[in-house]
Amino acid sequence: MADGRHYWLMKSEPEVFSIDDLARSPKGTTSWDGVRNYQARNFMRAMKVGDQVLFYHSNANPPAVAGVAEVVKTAYPDATQFDKRDTHYDPASNPDEPRWDMVDIRFIRKFVAPLSLDLLRAQAGLKGMELLRKGSRLSVQPVRAAEWNEVIRLAEVQADS
DNA sequence: GCCAACGTTGGC
DNA sequence: GCCAACGTTGGC
């Protein structure tokens, strides 16, 4: 992108942490801890401050893009990997060279109506989107600019109806 | 380096 | 709760 801003999608189970939880967080900001997948981690490491994020509700009814957030802090070590009592504890991670990172994201907006997976699948312009690929499980994934624009357009169409 | 076993994700 | 589609682990 000319302005250097990139687009991403991050998944969260709303029962665990929803977009409303994000909105209610201090300064609308949270650290995205718990990612334990290398591909997802690498995408977080590529994030820049100001990058835009689609906040996706997985394991929801219906699964849907719920709104928008933005990156406010680039990747830094995820403390939960060293916490024995945390479910994301990783005994194999070396404190001198932490294996897992997180970023901070801030709430931007919640869509008037969440954009369901079904709705997204029905869009010709979103054919190649990683989220819609069969068997896709990546919890942090890149979004192409054209896909981003299409999703935002859909959100506006929903808001007007 | 192969691959079977196992664990996880996430839609349905 | 089921199960497809992964990713990881560890024996060999």
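Every chain is numbered from 1 and lettered A, B, ... according to where its sequence line falls, protein lines coming before strand lines.
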Please list, one pair per line, the donor and acceptor atoms closer than 3.5 Å that link side chains of residues 52-63 of chain A to other protein atoms, with sequence neighbours excluded.
{"unit_1": "H57(A)", "atom_1": "NE2", "unit_2": "I19(A)", "atom_2": "N", "d": "3.1"}
{"unit_1": "N59(A)", "atom_1": "ND2", "unit_2": "E13(A)", "atom_2": "OE2", "d": "3.3"}

Please tabulate, one pair per line, all N/O donor-acceptor pairs under 3.5 Å involving side-chain atoms of residues 112-124 of chain A, not counting sequence neighbours.
{"unit_1": "S116(A)", "atom_1": "OG", "unit_2": "L119(A)", "atom_2": "N", "d": "3.1"}
{"unit_1": "R121(A)", "atom_1": "NH1", "unit_2": "L132(A)", "atom_2": "O", "d": "2.9"}
{"unit_1": "Q123(A)", "atom_1": "NE2", "unit_2": "L119(A)", "atom_2": "O", "d": "2.9"}

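For Y89(A), there are no side-chain hydrogen bond (donor to acceptor under 3.5 Å, both in side chains) partners at least two apart in sequence or on another chain. For F43(A), the ring pair (Phe, Tyr, Trp, His ring centres under 6.0 Å) test picks out W8(A), with sequence neighbours left out. Applying the side-chain contact (heavy atoms from CB on, under 4.5 Å) rule to R109(A) yields the partners V68(A), F111(A), I152(A), E156(A); only residues at least two apart in sequence or on another chain are considered.
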Protein-proximity profile, nucleotides 5-12 of chain B, B/S/- by nucleotide at the 4.0 Å heavy-atom cutoff, equals --BBBBBS
